[in-house]
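Since we're looking at a predicted model, the values are computed, not measured. Whatever order the structure lists them in is the order used to number ligands and atoms, beginning at 1.
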Amino acid sequence: MKKIAVFTSGGDSPGMNACVRAVVRTAIFKGLEVYGIYRGYEGMIDGEIKRLQSHSVSNIVQRGGTVLKSARSMEFKTPEGRKKAYDNLIAHGIEGLVAIGGDGTFTGAKLFFEEYGIPTIGCPGTIDNDLYGTDYTIGFDTAVNTALEAIDKIRDTAAAHDRIFFIEVMGRDAGFIAVESGIGGGAEFVMVPETKTNLDDVVKSLKNLRKTKSSSIIVVAEGDEAGNAQTVMEKVKAKLNDPTKDFKVTTLGHIQRGGNPTARDRVLASRCGMSAVEGLLAGHQFHMAGVVNQQVVFTPFADCIGKTKHLIEDHLKLMKILSI
Ligand SMILES: Nc1ncnc2c1ncn2[C@@H]1O[C@H](COP(=O)(O)OP(=O)(O)OP(=O)(O)O)[C@@H](O)[C@H]1O
Ligand SMILES: O=P(O)(O)OC[C@H]1O[C@](O)(CO)[C@@H](O)[C@@H]1O
């Protein structure tokens with residue numbers, strides 16, 4: 001293998017740049033030519049492919065977002081789009097790919113490999129942490145810390161005004177950000193898509209808490225089956241039916257996706273990037289390079305997207321015990 005390309009796809013996540021840098025520098029170290037594909041699969045289809053040198057990735061390890069840009073490409077979901085992408089890769093002589101993204105990115109990569117046979121290694125780049133085959137995804141730690149900082153600040157107002165705050169964090173299908181920011185931020189309740197929320201329990205717990213605490217923080221993952229933070233707040237407010245209580249909703253939104261990556265994310269990203277190139281050279285073809293129990297592990301895309309990564313049981317237990 002002489003020429004490889006790297007791209008970032010799906011939602012950007014802090015640490016993607018550190019990962020790109022590691023891919024580029026490892027590839028050069030190993031004597032390979034390395035190319036950057038801009039705007040994910042969209043750029044693969046449009047032929048936005050440029051040779052990268054070591055200096056192309058200088059001064060990016062500390063930056064959020066992605067210098068290669070990202071996109072959600074509808075065209076890549078079509079056979080015609082994928083054929084165009086393949087033709088562009090062949091025109092550039094690219095023999096291997098490193099895809100940095102989440103489960104959607106790996107779903108596309110698996111299909112593309114099955115159709116065209118270009119070896120592809122994935123790096124887990126998503127703030128959601130919802131990928132099987134790695135303990136943590138690149139960007140998750142930064143996102144949790146951003147959410148935590150916001151929760152700490154909101155708590156000041158909640159306490160000063162005796163308010164009940166519903167704080168919405170990201171996670172369409174996964175509650176990892178909600179649970180870890182909830183534990184770290186001392187939330188009274190966390191609502192996540194993985195477990196069914198009984199709103200009567202929330203109300204009961206708020207009533208009990210009122211005897212000892214005058215303010216409360218409830219962290220709601222955006223994909224909770226009971227609804228988003230606004231919907232949940234309205235339902236709980238109606239059930240609690242206490243006009244003396246002041247309810248507020250804060251949606252943290254995309255602030256969680258940006259910012260300088262934490263040390264943990266930079267190290268994880270660098271390690272996954274290096275391992276992806278080593279994996280390609282070792283003959284892996286449709287695997288994600290993740291880190292499990294401190295060790296690099298190559299997991300087939302089919303498992304990364306097909307198997308469920310469960311929330312840590314102890315974290316859920318902690319939420320119950322610590323919020324009394
Ligand atoms: N079934 C599929 N077939 C082909 N390509 C796909 C498929 N699913 C996703 N993709 C491609 O992968 C891209 C990235 O997927 P998606 O937008 O779901 O983000 P992601 O990788 O899951 O990241 P995040 O977790 O941050 O949202 C899609 O825009 C699309 O181009
Ligand atoms: O920026 P977009 O495309 O609206 O995507 C938002 C989604 O992306 C994520 O940040 C990562 O998958 C989710 O948590 C969130 O629901």
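With no hydrogens or angles considered, a side-chain donor-acceptor pair links Asp265 and Thr142 at under 3.5 Å. Between the side chains of Asn228 and Thr231, at least one donor N or O lies within less than 3.5 Å of an accepting N or O. Checking Thr137 against Asp128 by side-chain atom types alone, no donor-acceptor pair falls below 3.5 Å. Side-chain contact of Thr262 with Asp141: a donor-acceptor pair under 3.5 Å is present, judged by distance alone.
Although no hydrogens or angles enter the test, the distance criterion places no donor-acceptor pair under 3.5 Å between the side chain of Glu222 and the main chain of Met170.
Near Ser9, the atoms of ligand 1 lying under 4.0 angstrom from a non-hydrogen atom of the residue are 13 (C), 14 (C). For ligand 1, the atoms closer than 4.0 angstrom to any heavy atom of Gly102 are 20 (P), 21 (O), 22 (O), 23 (O). Near Arg172, meaning under 4.0 Å from any of its heavy atoms, are these atoms of ligand 1: 27 (O).
Using a cut-off of 4.0 Å between Lys/Arg side-chain N and Asp/Glu carboxylate O, Asp130 and Lys309 are scored as not salt-bridged. Using a 4.0 Å cut-off between charged nitrogen and carboxylate oxygen, Glu188 and Arg155 count as a salt-bridge pair.
Between Ile121 and Met288, the closest side-chain pair of non-hydrogen atoms is not below 4.5 Å.
When all heavy atoms of Asp224 and Thr197 are compared, the closest pair comes out as OD1-OG1, 3.2 Å.
Linking Ile, Leu, Val, Met, Phe, Trp and Tyr whenever their side-chain heavy atoms come within less than 4.5 Å leaves Ile167 and Ile218 in two separate clusters.
Here the shortest heavy-atom distance to atom 16 (P) of ligand 1, taken over Lys110, Met170, Arg72, belongs to Arg72. The closest non-hydrogen atom to atom 28 (C) of ligand 1, taken over Ser73, Gly11, Gly40, Gly101, comes from Ser73. Taking each of Gly104, Gly108, Gly81, Ala109 in turn, the one with a heavy atom nearest to atom 15 (O) of ligand 1 proves to be Gly104.
Looking at atom 7 (C) of ligand 1, its nearest protein heavy atom turns out to be Lys77 CE, 3.8 Å. The nearest protein atom to atom 1 (N) of ligand 1, hydrogens excluded, is given as Thr107 CG2, 3.5 Å; this is a heavy-atom distance. Looking only at heavy atoms of the protein, atom 25 (O) of ligand 1 is closest to Thr126 OG1, 3.1 Å. From the protein, the heavy atom lying nearest to atom 21 (O) of ligand 1 is Thr105 OG1, 2.5 Å.
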- Task: Dump the intermediate steps for side chain to side chain contact (heavy atoms under 4.5 Å, CB included) on Asn88 and Ile49, then the final yes or no.
- Result: CA-CA 8 Å; Asn88 281 325; Ile49 303 174; 4.2 Å; yes

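Surrounding CZ of Arg163 are more than 12 heavy atoms belonging to other residues, nucleotides or ligands, all under 6.0 Å away.
At a 4.0 Å heavy-atom cut-off, ligand 1 touches Phe76 through backbone and side chain alike. Looking at Leu111 against ligand 1, only its side chain comes within 4.0 Å, counting heavy atoms.
The protein residues lying under 4.0 angstrom from ligand 2, judged by non-hydrogen atoms, are Arg72, Ile127, Asp128, Met170, Gly171, Arg172, Glu222, His254, Arg257.
Geometrically, ligand 1 and Asp103 share a nitrogen or oxygen pair separated by less than 3.5 Å.
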